[in-house]
Structures are given as C-alpha cells and as structure tokens.
Number of protein chains: 2
Amino acid sequence: MAENAADDGATSEGRPARPDLAAMIVPLGRALMAAEQPVLDAHGLTMWAYTVLLHLEETPIRTQAALAGAIRADKTRIIAVLDDLEARGLIHRQPDPEDRRARLLSLTTEGRRLRDAAQSAIQQGEERLLARLPAADRSGFLRSLETLSALPELAPGKPERTTGRKGPH
Amino acid sequence: MAENAADDGATSEGRPARPDLAAMIVPLGRALMAAEQPVLDAHGLTMWAYTVLLHLEETPIRTQAALAGAIRADKTRIIAVLDDLEARGLIHRQPDPEDRRARLLSLTTEGRRLRDAAQSAIQQGEERLLARLPAADRSGFLRSLETLSALPELAPGKPERTTGRKGPH
DNA sequence: GCAGATCGTAAGCGCATGCCTATGAATTCT
DNA sequence: AGAATTCATAGGCATGCGCTTACGATCTGC
C-alpha cells in the first residue's frame, strides 16, 4: 500500500481512491428524502411541516425567525406551514406574554403524536437500509454521522449569496 | 439490549434513539456542496460541469441522454454545460460514426487534468472533515457510504413526478 | 421507400425557493 | 415621548430547475 492509496484517502494527490464524499452523500440524502415522501404523504405532512414538527420538539423555539433559521427555511416561507399546522391543531402559536411581538411555538399533544408516528415510520424504513450494512460498520456509521452533523463547520453558517439551488447534487 | 434501543434503531417504535438519517445526511451533503463551491469556482467549474467531468471518466458514456440520466440532470439542461466544456477544450463531442445521431463524449487530456486537480482539492478539503472522526470509525464510515451508494434502491430510479425541488432538506 | 422511434437541440411553462421591501404591532433605547 | 429595532406577515422579483413540446437529422422495421 504505497502511494496507490488502498484505503487511504486522496492525500497522495493522485487519482482518487474513493468517490467524492458529496458525490455519495448527496444522492444518498436525495434517496432518503424520496423514501420519506410517501410516508409523509400518508401522514398528511409536507417535508417542511415534518421538519417543523421535528425541530419544535427538539429545542425550545421561541420565535418563528429562530425556527426558520434552524431549519434553513426562509422566514416568510414557513408562515404558511405554521398556519396550516396550527389550523390542524398540531401546534400552538400563542403570543409571548413577555414579548408580545413574538409567537411562542409549541407542539400540541396531537402534534407530538403525529410527529412520533411519522418519525417512527420513517426510521423504520431507514432501518431497512441500514440493515444492508455489515453489523460491524453500522454503529460506527451512525456515530460518524452524528459526529459530523454536530460539527460547527457544517452548521448552516450563512448562505452567502445564492439564489435558489445551485448544482446537480 | 432490551427494547430500550441502546444502539438499536427505532424499531421499538418509541421516541427515536437517533435523528432521522435524512435529517443528518441531507444537511451534511449541503455542507459538503457548499465547501466544494469555492474550490470549483477556483477551477472555473460549475457544479454541473464538475459532475459531468467526473462521470465522463468513470464510465464510458455514449449518448448525452445517458449522461444526463447518470447525473440526474435534464437532457436539455446539460447541453449548455457540454457546449461550454467543449468550447474550453475539456471534452470532445464527436458524432458517433456508428450512429450519427449521437455524440460521443470523452475527456480531453486537459479535461482530465482539470478534473484531477479539482477533485484532488475537493477531497483534500473533505479529508479535513473526516479527520474529525475517530480513526476507528473512519474507514467504516467510508465503507458504509460506498456500500449504501451502491444499493439499487438508492439508484436514481425514476423521479416519479415532482416539479422542481420539494422539501427543506 | 415510408412510418415510427431515437438523438441532440431549442424554446417555453410552471413551480419551489430565496431575497428584498413594505406594513403594522410591540419593544427597547435615548 | 420619539427614534430605532424586532417580530410576524404579505407581496413581488429573480433564479434554477424539471417537464413538455417542437423540430431536424438519423436510424430501424416493415
């Protein structure tokens, strides 16, 4: 295993020993989203709505702007989503007594129930994929994902100035 | 290892032991793409162009339609990309002598050089990310990615009927 | 040789999205 | 009190994309 880079990365600058991370991960994400779609449809949720439900539970969110930032959505774009979720009794949107400009967002019991049901079904489908991995790699894979997801340089940062999407990935 | 799901998935249907795969992978892919962008800019390549260069080398592609399918692009959309790449001497686009409707696509030496340079730079950046993973997990992570990428159910399949993008991820 | 299918190309439609601006309500600073 | 800021909301603009249609050139089957 000289500079031929057997399982080493492309550190040696030659032709790559592996595909680009993005070239593997982005399509993977695409496929996962595609797999989610039917489940979400079955639960009457859009991807945005599901994302909102997920993030409302995970961290205490106070302002809609904060929520929008957290899920990388436009502040003005989640309004309709929230309107819908509220109308269906899945979330509460009460004016903050401390700062009546803001609307306090929280899940209703019904919302939590739906979120749990959808997420459970989704993760069940994902497990079918993970089952394809050698058991030895599986937990490491998940651990690695969680590690990378927590990295600061992966944080939303700041979309510096792009209109709409960019590339194929 | 009861139903409490320590490192097990959400098979037991309760609150999830981990975030959704998509919720971790999609942002990761987004971040990777964002990290690629400056490198591509520096090499004078768009994401589409880079993707084309990558796929032209990897598998012998004969028709533009096949290429478009392989990179999940619209047949009509890569034309401009190919025009540009050809004009810059990075690819050849000769009419197939066997079927003069088709254009044979191939990388020029210059194209291969640029592709190698860009990919090398990109993977170098990716290595910095991978370095954050415990060495024990790293190779397994990459192996898992390659495994999952090769899965048939992750293959482009067929975008069944979506207009533009869909969700937040 | 003619009909139908295929390839590359061009042009247009519709859609989802991000960004910007404006408006009104409420808060904070001076 | 008045000015500046923040929040939620609404509307409009521009972009990137997928899909469809159309067209000419070409290949294939009859």
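The chains referred to below are lettered A, B, ... by the order of the sequence lines, with proteins before strands, and numbering in each begins at 1.
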What nucleotide, of [options], holds the atom closest to the side chain of [X]?
| X | options | value |
| --- | --- | --- |
| B:Asp99 | D:dC7, C:dT17, D:dT26 | D:dT26 |
| A:Arg77 | C:dG8, C:dG18, D:dC19 | C:dG18 |
| B:Arg93 | D:dC7, C:dC19, C:dT9 | C:dT9 |
| A:Arg101 | D:dT20, C:dG8, D:dT6 | D:dT6 |
| B:Ala65 | C:dT27, D:dT26, C:dG8 | C:dG8 |

How many whole angstroms separate atom [atom1] of [X] from atom [atom2] of [N]?
| X | N | atom1 | atom2 | result |
| --- | --- | --- | --- | --- |
| A:Asp83 | D:dA8 | CG | P | 12 Å |
| B:Leu67 | C:dT6 | CG | C1' | 17 Å |
| A:Leu82 | D:dC7 | CG | P | 15 Å |
| A:Met33 | C:dT17 | CE | C1' | 13 Å |
| A:Asp74 | C:dT21 | CG | C1' | 13 Å |
| B:Gln37 | D:dG16 | CD | P | 11 Å |
| B:Ile71 | D:dG18 | CD1 | P | 10 Å |
| A:Lys75 | C:dT17 | NZ | P | 18 Å |

Checklist outcome for this item: Judged by nearest nucleotide, the residue sitting upstream toward the 5' end of DNA chain C, B:Thr63 or A:Pro97, is B:Thr63
Checklist entry - Counting distance only, does the side-chain N/O of B:Asp20 pair as donor-acceptor with the main-chain N or O of B:Ala22 below 3.5 Å? => result no
Checklist entry - Between B:Gln119 and A:Pro19, is there a donor-acceptor pair closer than 3.5 Å when you use the side chain of the first and the backbone of the second? => result no
Item to check | side-chain N/O A:Arg100 vs C:dT28 OP1/OP2, d < 4.0 Å | outcome: no
Checklist entry - Any side-chain N or O of B:Trp48 less than 4.0 Å from the OP1 or OP2 oxygen of D:dG16? => result no
Checklist entry - Roughly how far, to the nearest 0.5 Å, is the CG atom of A:Leu104 from the CZ atom of A:Arg93? => result 12.0 Å
Checklist entry - Got a sec: does the CD of A:Glu98 have more than 12 other heavy atoms crowding it under 6.0 Å? => result no
Checklist entry - Taking C-beta and beyond as the side chain, do B:Arg88 and B:Glu110 meet within less than 4.5 Å on heavy atoms? => result no
